[in-house]
Chemist: 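If you scroll down you'll find the structure; I have some questions about it.
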Amino acid sequence: MSSAAAKPILYSYFRSSCSWRVRIALALKGIAYDVVPVNLLKDGGQQLAIIHYLEDTCPNPRLLPQDLKKRAQVRMIADHIVSGIQPLQNLSILKQMGEKKMEWARNCIASGFQALEQTLQHTAGCYCVGDEVSMADLCLVPQVFNAERFKVDMGPYPTITRINKALLELEAFKVSHPSLQPDTPAELRA
């Protein structure tokens with residue numbers, strides 16, 4: 001941003017988990033922004049970790065709980081998703097898997113969700129950690145979307161499914177959905 005009055009610019013790909021997490025954070029915090037679409041299938045592109053920046057510069061509503069134990073739980077869940085599950089479905093990995101990409105993605109997600117389901121059984125309230133939306137929730141919804149894209153059986157993950165359903169009822173999660181983005185192909189629009 002060049003001045004206090006300028007809106008931030010989000011370089012975004014409609015189906016990018018990273019971009020979606022940021023869109024949710026911006027919507028929750030009520031921050032207006034401009035979108036510059038980046039086609040990750042065509043050009044590559046940069047992903048910037050900005051949710052912590054948003055939390056530091058616009059702390060309300062909080063995406064990290066004040067309670068230190070809950071804060072650690074949020075970070076643990078978010079890190080598990082963004083470092084342990086989501087990167088295994090990045091475009092560069094899937095290209096290398098060729099015809100086995102669907103099977104690869106399903107197996108990676110299922111393995112990560114098994115551990116995540118066990119964790120959430122101990123931390124969840126309405127959402128991933130208690131009853132307030134946190135960074136963990138911003139990470140969960142895009143990953144469940146990816147699981148659905150890769151046809152993962154969600155039956156073994158009732159806690160993940162319940163939390164995801166509750167989050168998708170919230171306005172910030174609705175408006176940030178990939179089907180509503182300016183660069184969403186017409187056939188994938190809501």
Side-chain angles (χ1 to χ4, degrees), residues 10 12-30 47 49-52 54-55 61-65 70-91 94 101-181 184 188-190:
L10 177 62
S12 180
Y13 179 62
F14 78 102
R15 205 162 42 195
S16 163
S17 297
C18 300
S19 295
W20 193 358
R21 291 189 290 260
V22 174
R23 290 191 308 262
I24 297 167
L26 290 164
L28 282 168
K29 292 179 177 291
Q47 298 294 332
I50 65 171
I51 295 173
H52 284 282
L54 292 173
E55 185 69 359
R62 290 186 163 282
L63 298 177
L64 284 171
K70 286 183 178 182
R71 184 180 288 230
Q73 291 171 331
V74 165
R75 286 185 169 140
M76 174 184 65
I77 293 164
D79 287 349
H80 176 73
I81 296 168
V82 304
S83 298
I85 303 173
Q86 186 261 323
L88 299 171
Q89 297 110 68
N90 280 347
L91 295 172
L94 293 178
K101 71 181 179 183
M102 290 292 282
E103 180 184 352
W104 167 265
R106 274 193 299 272
N107 290 338
C108 291
I109 294 168
S111 176
F113 274 12
Q114 287 171 7
L116 182 60
E117 178 71 19
Q118 291 176 7
T119 298
L120 292 175
Q121 288 173 2
H122 298 285
T123 63
C126 292
Y127 308 119
C128 286
V129 178
D131 296 329
E132 294 187 22
V133 175
S134 70
M135 284 184 194
D137 301 298
L138 277 61
C139 298
L140 180 73
V141 170
Q143 187 56 60
V144 172
F145 179 82
N146 285 341
E148 292 167 350
R149 278 183 52 221
F150 292 113
K151 313 237 183 294
V152 172
D153 174 13
M154 293 300 291
Y157 317 113
T159 310
I160 292 172
T161 300
R162 176 185 59 75
I163 294 167
N164 185 67
K165 183 178 178 185
L167 289 164
L168 288 174
E169 294 297 318
L170 301 175
E171 187 64 18
F173 289 80
K174 289 178 184 179
V175 301
S176 63
H177 195 278
S179 65
L180 299 175
Q181 301 314 303
T184 303
L188 298 176
R189 289 193 170 273

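Small disclaimer: the values here were computed from a predicted structure and weren't measured. Along the sequence shown, residues are numbered consecutively beginning with 1.
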Chemist: Do any pairs count as a ring pair (Phe, Tyr, Trp, His ring centres under 6.0 Å) and have a residue in residues 132-158, sequence neighbours left out, and if so which ones?
Modeler: Trp20-Phe145, Phe113-Tyr157, Phe145-His177
Chemist: Report the distance from atom CE of Met135 to atom CD1 of Ile77, rounding to the nearest 0.5 Å.
Modeler: 13.0 Å
Chemist: How long is the span from the CG atom in Leu170 to the CD1 atom in Ile24, to the nearest 0.5 Å?
Modeler: 9.5 Å
Chemist: Got a sec, which residues hit side chain to side chain contact (heavy atoms under 4.5 Å, CB included) with Ala25, two or more places apart in sequence or on another chain?
Modeler: Ile51, Leu54, Leu63, Leu138
Chemist: Report yes if the side chains of Arg106 and Lys151 come closer than 4.5 Å at any heavy-atom pair, otherwise no.
Modeler: yes
Chemist: Work out which heavy atom in Val74 is nearest to a heavy atom in Ala136; give both atom names and the distance.
Modeler: CG1-N, 3.7 Å
Chemist: To the nearest 0.5 Å, what is the distance between CG on Asn107 and CG on Leu88?
Modeler: 11.0 Å
Chemist: Ignoring hydrogens and angles, tell me if any N or O in the side chain of Ser16 forms a donor-acceptor pair with the backbone of Ser12 under 3.5 Å.
Modeler: no
Chemist: With a 3.5 Å cut-off and sequence neighbours excluded, list the donor-acceptor pairs that the side chains of residues 79-87 form with protein atoms.
Modeler:
{"unit_1": "His80", "atom_1": "NE2", "unit_2": "Gly112", "atom_2": "O", "d": "2.9"}
{"unit_1": "Ser83", "atom_1": "OG", "unit_2": "Asp79", "atom_2": "O", "d": "3.4"}
{"unit_1": "Gln86", "atom_1": "NE2", "unit_2": "Asn90", "atom_2": "OD1", "d": "3.0"}

Chemist: Can you tell me how far the CZ atom of Arg15 sits from the OG atom of Ser179, to the nearest 0.5 Å?
Modeler: 11.5 Å
Chemist: When rounded to the nearest 0.5 angstrom, what is the spacing between CG in Leu26 and CG in Leu10?
Modeler: 6.5 Å
Chemist: So, using side-chain hydrogen bond (donor to acceptor under 3.5 Å, both in side chains) as the criterion, who are the partners of Arg21 when residues are at least two apart?
Modeler: none
Chemist: Measure the CG-CG distance between Leu168 and Leu140 for me, rounded to the nearest 0.5 Å.
Modeler: 9.0 Å
Chemist: Please list all pairs meeting side-chain hydrogen bond (donor to acceptor under 3.5 Å, both in side chains) that have one or both residues in residues 158-169, counting only residues at least two apart or in different chains.
Modeler: Glu117-Thr159
Chemist: Restricting to salt bridge (Lys or Arg N to Asp or Glu O under 4.0 Å), what partner residues turn up for Lys29, sequence neighbours left out?
Modeler: Glu55
Chemist: Once side chain to side chain contact (heavy atoms under 4.5 Å, CB included) is applied, do any residues pair with Glu171, and if so which ones, sequence neighbours excluded?
Modeler: Lys174, Val175
Chemist: Quick one: list whatever passes ring pair (Phe, Tyr, Trp, His ring centres under 6.0 Å) with Phe14, sequence neighbours left out.
Modeler: none
Chemist: When you measure from the side chain of Arg189 to the backbone N and O of Thr184, does any donor-acceptor pair fall under 3.5 Å?
Modeler: yes
Chemist: Applying side-chain hydrogen bond (donor to acceptor under 3.5 Å, both in side chains) as the test, list every pair that has at least one member in residues 122-150; sequence neighbours left out.
Modeler: Ser17-Asn146, Gln89-Gln143, Ser134-Asp137, Asn146-Arg149
